[in-house]
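Accompanying notes for the structure given below.
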Amino acid sequence: MISRLKSEALFAEALKHIPGGVNSPVRAFRAVGGQPFFVESAKGARVKTVDGDELIDYVGTWGPAILGHAHPKIIAAVKAAADHGTSFGIPNPFEVTMAKLIKSLVPSVDKVRLCNSGTEACMSAIRLARGFTKRDKFIKFDGCYHGHADCLLVKAGSGALTFGHPDSAGVPADFAKHTLVLPFNDPKSVSAAFAANRGQIAAVIIEPVPGNAGLYLPKPGYLEFLRKITAEQGTVLIFDEVMTGFRLAPGGAQERFGVRPDLSCFGKIIGGGLPVGAFGGRGDIMDFLAPLGPVYQAGTLSGNPLAMAAGIAALDELRSSRRKEALTDSKGKQVSLLTSAATFADDAYAHLEQLGAQLEAGLRDAAKSAGVAVTFNRCGSMFCGYFTSEPVWNLGDAMKSDRERFKKFFHGMLAEGVYLAPSQFEAGFISTAHAPADIEATVKAAAKVMKTL
Ligand SMILES: *Cc1c(COP(=O)(O)O)cnc(C)c1O
C-alpha cells in the first residue's frame, strides 16, 4: 500500500475547521476505522487520490455516477451551460427538457417539481401528501433512509446505524410523533397500523429496493400489497427512488417491479453529479403545490441550469445507448427521443446487469472457497455482501452481519486498490464505465482478502 501522507495532512487540517473533518458523516470512515483518503480526480470507474493511488470505485459518489466519473458528455454539457450563466432565478429551457425527460422515463409522473437534493424531495413529498390528504401521520420502514428532514430521521439506515443515534439529537419528539416506523417486508404490521389509525395516514413512503442499510429486496407481492392497501385507504404511496431511479431500469424500481406509486422522489443520477432532487407523480396531487395549491415548497437554485444540463446529458446518454432500431419506428423513420419510455436505453442496463452477474458469481465463489459466510444481495447494478449465513430481508436481518469482518474486508480491499463504501450498511454501485476486466480484478482481490478474514 502506498503512503497516504497527503490525505493525512489534509484530514488533520479539515478536522480543525469542519466537524469531524467531513461534510457528510459516512465519509469519515467511522464505521470501518482509519481515515478517509482525499480524491484529486475521478475518471470512468476509477478515483485517484491526492497520494496518487488509483482505486476501482464501487461508491460512484453514492449513486449518481452510473456512467462512471467525468463522463465527457456531462462535462461538455456543464461547460457549455456555464458559458451562459450559472443561475437565473427565473425559468430556463433546461427545466422543461428535464421535466419531459423524467416523465417520459417514469410513466407514473404527470408533473414534476425540481429541487436541490434527495432530502428536499422526500421532505416535500411528505408535506405534499399531508396537505393533499389533510392527514398528519405517515408510515416509513426501518432501515429506509429518506434524507435528513426531522420527521424522516427515525430508524433511518446507514449513517444513523453507524453512529448509534437512530433518532438524531435535535429532533423534538413532537416532530417525530406522527412517523410510524414498521419493519420492511412485513405486510401484517402495515395492515395493523392502518387498522389502528383509520383515516389518519397521509402517506406510506418506502425505498422500493432499500439501499441504505446495505441492500435487500422486496419479497414477491410486497410492493403490490402496499399499492393495494394505500389505494383502499386513500393514502398516498410514495416511492423514494432517489437511489433506484434510472438505475434499476430506465423507469426505476417501479418499472422493474411493475408497481405504480402516486408520488416518486428522485435525485442522484438526475443531477449527473451536480446537486439535484425532484419529486413528481399524479397531477391532481402535484397541483396542490404552490403557486397552484396551498402546499408551500421553493428553492433559490431549483432548476439550476448547470445541474439541469448535467442531468439531461446523463439521462440522454443512458437513453442513446439503446439499440439503433429502437430509435426508429416501423417505417424506419426517426422517432422523437422525448415522447415515450419505449425509446429508452436497454443496452446500458443490459450491460450493467451482465457486470453485476459477473461480480456476484465471482464474489460468491471467492467467499465459498475461503469458507467465509456471505449473503450476497444484488439488484441490477446495486449490491451488498453481508457477512452472515442467513438471508437478509430487512434491517433486523442486516444487523446480524459480522461488522468486524466487514472492517477487515474493507481495508483489505482498499489495500488491493478496490474502494467499497466504508460501511457494511451501504450498497455498492457498478457503472457503465466498469469493464469486465475491472470486475475480474475485483474478484481476484476479494478472493485474496477473504482468505485473511
Ligand atoms: C441519498 C438518498 C436520499 C437523500 O438524498 P440527498 O441528495 O443526499 O439529500 C434520500 N433517499 C434515498 C433513498 C437516498 O438514497
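Indexing begins at 1, ligand by ligand and atom by atom, following the structure's order. Computed from a prediction, not measured in an experiment: that's the story for all the values here.
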task: List every atom of ligand 1 that sits less than 4.0 Å from any heavy atom of His146, numbering the atoms from 1 in the order shown and giving each element.
output: 10 (C), 11 (N)

statement: Near Glu207 (heavy-atom distance under 4.0 Å), the atoms of ligand 1 are 13 (C)

- request: Report, in ascending order of atom number, the atoms of ligand 1 lying under 4.0 Å from any heavy atom of Met243.
  value: 15 (O)

- line: Under 4.0 Å from one or more heavy atoms of Gly147, ligand 1 contributes atoms 4 (C), 10 (C)

- line: Of all protein heavy atoms, the one nearest atom 3 (C) of ligand 1 is Val242 CG1, 3.7 Å

- prompt: Regarding Gln297 and Arg127, is there a side-chain donor-to-acceptor distance under 3.5 Å anywhere?
  reply: no

- prompt: For Phe257, what residues pass the ring pair (Phe, Tyr, Trp, His ring centres under 6.0 Å) criterion, not counting sequence neighbours?
  reply: none

Interatomic distance, Ile229 atom CD1 to Glu224 atom CD [nearest 0.5 angstrom]: 14.0 Å

- request: Give the residue, atom name and distance (to 0.1 Å) of the protein heavy atom nearest atom 7 (O) of ligand 1.
  value: Gly118 N, 2.9 Å

task: Applying ring pair (Phe, Tyr, Trp, His ring centres under 6.0 Å), name anything that partners Phe279, two or more places apart in sequence or on another chain.
output: none

- request: Please state whether the rings of Tyr419 and Phe29 are parallel, tilted or perpendicular, taking 30° and 60° as the class boundaries.
  value: parallel

message: Tell me whether ligand 1 is touched by Lys268 - counting only heavy atoms on the residue side and a distance under 4.0 Å.
response: yes

task: For atom 13 (C) of ligand 1, grab the closest protein heavy atom and report residue, atom and distance to one decimal in Å.
output: Asp240 OD2, 3.2 Å

- prompt: So which protein heavy atom does atom 8 (O) of ligand 1 come closest to, and at what separation?
  reply: Thr119 OG1, 4.5 Å

query: Considering only heavy atoms, does Asn212 approach ligand 1 within less than 4.0 Å through its side chain, its backbone, both, or neither?
result: side chain

- request: Please examine the side chains of Lys407 and Gln424, heavy atoms only from C-beta on, and report whether any two atoms are closer than 4.5 Å.
  value: no

message: Does the protein come close to atom 11 (N) of ligand 1 - that is, does one of its heavy atoms sit below 4.0 Å from that atom?
response: yes

field: Side-chain heavy atoms of Phe239 within contact of Ser108, under 4.5 Å
entry: no

field: Subset of ligand 1 atoms that lie under 4.0 Å from at least one heavy atom of Ser117
entry: 7 (O), 9 (O)

